[in-house]
K.L.:
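Take a look at this one; I'll ask things after.
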Amino acid sequence: MKSFFLAATLAIPLASLAVACAGEFREPAPPGESSMSPPIESSAQPPTPTAPTAPIATAPSASSSASASAAPLVPPPPPTTGTISGEVLARPEALGGKNIVVYLEDGPKGTGPGPTVRIDQRGMSFFPLVTSIAIGGKITFLNSDPFPHNVFSPSGEKFNLGAVGRGGALTRQFDQPGAYTVLCNLHPGMIAFILVTPSSFYTRANAAGQFSMPGVPAGTYKVTAWGPRLVPQTQSVTVGAGDAPVHFQLSR
């Protein structure tokens, strides 16, 4: 038994010596100090401070955009329009009535191709006697007689379309405003009148000389009354919501 304890006692210093040889030899710590080794300082450098960055702007969410775009749109108010109406007295009366045209000198013009109207030649006469059309419009001259006719005008641009055979037709576009007298050089008794208005706003008076021109945009305009072989008359009229009355008296 004594030999066993002696062997164990000798084995403990030998083990301590083996551990000390395996590592670094350290002085025993003085009394009152910790035997733990001081922490080993790292060789890594501390991070370099950087300037603060501005916050990143974020786009509005889809829900906020949708709510903004879903806001109801207020439609613009409809344009104000009015009606020019009145009466035209013509002397002599035989030239008045439904042969009177009332139009705006400075009214709005139409867009796109102008209208096309027809004037027929039948029974040695032009039908209708008076034709009105806006600037840029076209007129087709027909021949319903069994013999040829001719279409020409000594007025304005002085055009001559030549002969129109039986069942034939000739068309002309009118790009200049004004009044035209139309004749046939084969039959001197044939006559017609064409008025090309400078705007798209025009109307015909009825047999009593009364007229109405609705849908005119608000504003102040020069309105003219015209009849064949009569001196035209022009007045100023201001159009607003409702009716704008105007009256004419035409004579030779």
Side-chain angles (χ1 to χ4, degrees), residues 88-107 109-110 113-209 211 213 222-235 248-252:
V88 181
L89 300 177
R91 297 290 186 269
E93 295 182 359
L95 297 176
K98 61 182 180 180
N99 292 324
I100 300 296
V101 181
V102 180
Y103 64 94
L104 297 184
E105 295 277 0
D106 49 358
K109 295 180 175 62
T116 299
V117 300
R118 295 181 177 185
I119 296 178
D120 196 7
Q121 300 171 92
R122 65 178 187 271
M124 301 284 291
S125 298
F126 287 102
F127 290 95
L129 174 63
V130 175
T131 298
S132 55
I133 188 172
I135 185 172
K138 298 179 181 180
I139 297 180
T140 297
F141 298 88
L142 307 173
N143 181 9
S144 298
D145 281 336
F147 40 81
H149 285 297
N150 169 264
V151 178
F152 81 99
S153 175
S155 309
E157 299 170 279
K158 300 179 174 62
F159 62 87
N160 190 334
L161 301 184
V164 185
R166 176 181 179 179
L170 295 172
T171 301
R172 186 182 192 276
Q173 180 170 318
F174 290 82
D175 294 323
Q176 297 295 327
Y180 297 83
T181 300
V182 181
L183 304 169
C184 172
N185 61 15
L186 300 177
H187 307 98
M190 296 178 62
I191 189 171
F193 302 93
I194 298 173
L195 177 67
V196 182
T197 63
S199 75
S200 299
F201 284 85
Y202 62 94
T203 186
R204 296 285 289 270
N206 60 20
F211 68 90
M213 187 188 303
K222 294 179 180 178
V223 56
T224 297
W226 172 92
R229 295 175 178 170
L230 297 174
V231 178
Q233 186 181 42
T234 301
Q235 297 184 27
F248 298 94
Q249 186 168 346
L250 304 183
S251 61
R252 290 182 182 274

K.L.:
Does the Glu105 side chain pair with the main chain of Val223, one donor and one acceptor, at a distance under 3.5 Å?
P.N.:
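Side chain of Glu105 to backbone of Val223: no pair is present.
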K.L.:
Is Asp120 reaching over with its side chain to a backbone N or O of Phe127, donor-acceptor style, under 3.5 angstrom?
P.N.:
no
K.L.:
Test side-chain contact (heavy atoms from CB on, under 4.5 Å) on Phe147 and Met124 and set out the steps.
P.N.:
CA-CA 10 Å; Phe147 40 81; Met124 301 284 291; 3.4 Å; yes
K.L.:
Please report the interatomic distance CZ(Phe174) to CD1(Ile194), rounded to the nearest 0.5 Å.
P.N.:
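So the CZ of Phe174 and the CD1 of Ile194 are separated by 4.0 Å.
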K.L.:
Could you give the distance from CZ (Phe248) to OG1 (Thr234), rounded to the nearest 0.5 Å?
P.N.:
7.0 Å
K.L.:
Do Arg172 and Phe141 form a cation-pi contact, if we require the NZ or CZ to be under 6.0 Å from the six-membered ring centre and within 45 degrees of the ring's axis?
P.N.:
no
K.L.:
If you look at every heavy atom in Asn99 and Arg204, which pair is closest and at what distance?
P.N.:
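Closest pair (atom of Asn99, atom of Arg204, distance): CA-NH2, 4.1 Å.
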K.L.:
Give me the ring orientation class for Phe159 and Tyr180: parallel if the planes are under 30° apart, tilted from 30 to 60°, perpendicular past 60°.
P.N.:
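Ring orientation, 0 to 90° scale: tilted.
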K.L.:
Mind checking the OH-CE spacing from Tyr202 to Met213? Nearest 0.5 Å is all I need.
P.N.:
10.5 Å
K.L.:
About how many Å separate OG1 of Thr171 and CG of Leu161, when rounded to the nearest 0.5 Å?
P.N.:
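So the gap between those two atoms works out to 8.5 Å.
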K.L.:
Minimum heavy-atom separation for Ala134 to Ser199, with atom names?
P.N.:
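Reported closest heavy-atom pair: CB-O, 3.7 Å.
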K.L.:
Rounded to the nearest 0.5 Å, how far apart are CG of Asn150 and CG of Leu183?
P.N.:
9.0 Å
K.L.:
So, applying side chain to side chain contact (heavy atoms under 4.5 Å, CB included) with Thr203, which one of Leu104, Ile100, Val102, Val101 is it?
P.N.:
Val102
K.L.:
Please round to the nearest 0.5 Å and tell me the distance separating atom CD1 of Ile139 and atom CD1 of Ile133.
P.N.:
5.0 Å
K.L.:
Ignoring hydrogens and geometry, is there a side-chain-to-backbone donor-acceptor pair from Asn143 to Gly165 under 3.5 Å?
P.N.:
yes
K.L.:
For Arg252 and Arg91: C-alpha separation, side-chain torsions, deciding distance, then whether side-chain contact (heavy atoms from CB on, under 4.5 Å) applies.
P.N.:
CA-CA 7 Å; Arg252 290 182 182 274; Arg91 297 290 186 269; over 6 Å; no
K.L.:
Write down the atom of Leu250, the atom of Gln233, and the distance for their closest heavy-atom approach.
P.N.:
CD2-CB, 3.6 Å
K.L.:
Can you name the nearest heavy-atom pair linking Trp226 to Leu195, along with the distance?
P.N.:
CE3-CD2, 3.7 Å
K.L.:
Donor-acceptor pair, distance only, cut-off 3.5 Å: does the side chain of Ser153 make one with the backbone of Thr181?
P.N.:
yes
K.L.:
For residues Ile135 and Gln176, report the shortest heavy-atom separation together with the two atoms involved.
P.N.:
CG1-N, 4.4 Å
K.L.:
Is there a side-chain contact (heavy atoms from CB on, under 4.5 Å) between Val151 and Ile119 once you walk through the steps?
P.N.:
CA-CA 11 Å; Val151 178; Ile119 296 178; over 6 Å; no
K.L.:
Looking at every non-hydrogen atom in both residues, tell me the closest pair between Arg166 and Pro146 and how far apart they are.
P.N.:
CD-CA, 3.5 Å
